[in-house]
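A quick note: this is a predicted structure, and the numbers were derived from the prediction, not measured.
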Amino acid sequence: SMVEWLSGAMFDRGARTSDLKQALNLANTTFYDVLNSLSNRRIIQKDGRYDPWMLTEKGKELARRHGFIKVLEIRS
């Protein structure tokens with residue numbers, strides 16, 4: 001799932017739309033439907049047009065509940 005992939009260690013700095021699309025291998029319509037749904041539900045976000053997609057706190061909590069994030073990093 002997109003949330004599972006985004007919660008991986010390599011996603012700490014976000015992921016571009018093209019990288020997500022390639023990793024998930026979904027049809028265009030399905031991919032953008034999922035992306036828009038997760039964004040509208042505030043599970044993922046991006047700051048600007050060219051910025052990477054990031055999990056929100058709500059998205060991280062969802063990932064933890066489903067076992068995708070086992071240990072949280074504490075950043076100072």
Side-chain angles (χ1 to χ4, degrees):
S1 77
M2 190 175 295
V3 172
E4 180 178 13
W5 195 83
L6 293 175
S7 65
M10 68 177 284
F11 187 66
D12 283 347
R13 287 175 262 142
R16 297 177 307 160
T17 301
S18 59
D19 294 333
L20 288 173
K21 188 166 181 344
Q22 183 179 7
L24 297 172
N25 196 30
L26 297 172
N28 276 343
T29 304
T30 303
F31 173 77
Y32 287 106
D33 285 348
V34 170
L35 196 67
N36 288 331
S37 175
L38 293 174
S39 179
N40 290 339
R41 293 186 303 167
R42 308 243 188 308
I43 293 171
I44 61 173
Q45 71 179 20
K46 61 192 275 180
D47 293 329
R49 182 175 182 176
Y50 299 105
D51 291 330
W53 288 99
M54 304 285 290
L55 283 175
T56 62
E57 287 306 314
K58 181 178 178 179
K60 290 175 186 176
E61 179 56 35
L62 178 68
R64 279 192 290 279
R65 274 188 296 178
H66 289 282
F68 302 144
I69 297 177
K70 306 255 189 258
V71 177
L72 291 178
E73 292 182 41
I74 299 175
R75 298 178 194 259
S76 50

Thr56 side, atom OG1; Ile43 side, atom CD1 - distance, nearest 0.5 Å:
7.0 Å

What's the separation between atom OG1 in Thr30 and atom CG in Leu24, rounded to the nearest 0.5 Å?
11.0 Å

Supply the atom-to-atom distance Arg42 CZ to Leu62 CG, rounded to the nearest 0.5 angstrom.
15.5 Å

Keeping the roles fixed (side chain from Lys58, backbone from Arg41), state whether a donor-acceptor pair exists under 3.5 Å.
yes

When rounded to the nearest 0.5 Å, the distance separating CZ of Arg16 from CH2 of Trp53 is 14.5 Å

Within the 4.5 Å heavy-atom criterion, are Phe31 and Thr17 side-chain neighbours or not?
yes

Would you give the length of the straight line joining atom CG of Asn40 to atom CG of Leu35, rounded to the nearest 0.5 angstrom?
9.5 Å

With a 4.0 Å cut-off on N to O distance, would you call Lys60 and Glu57 a salt bridge?
yes

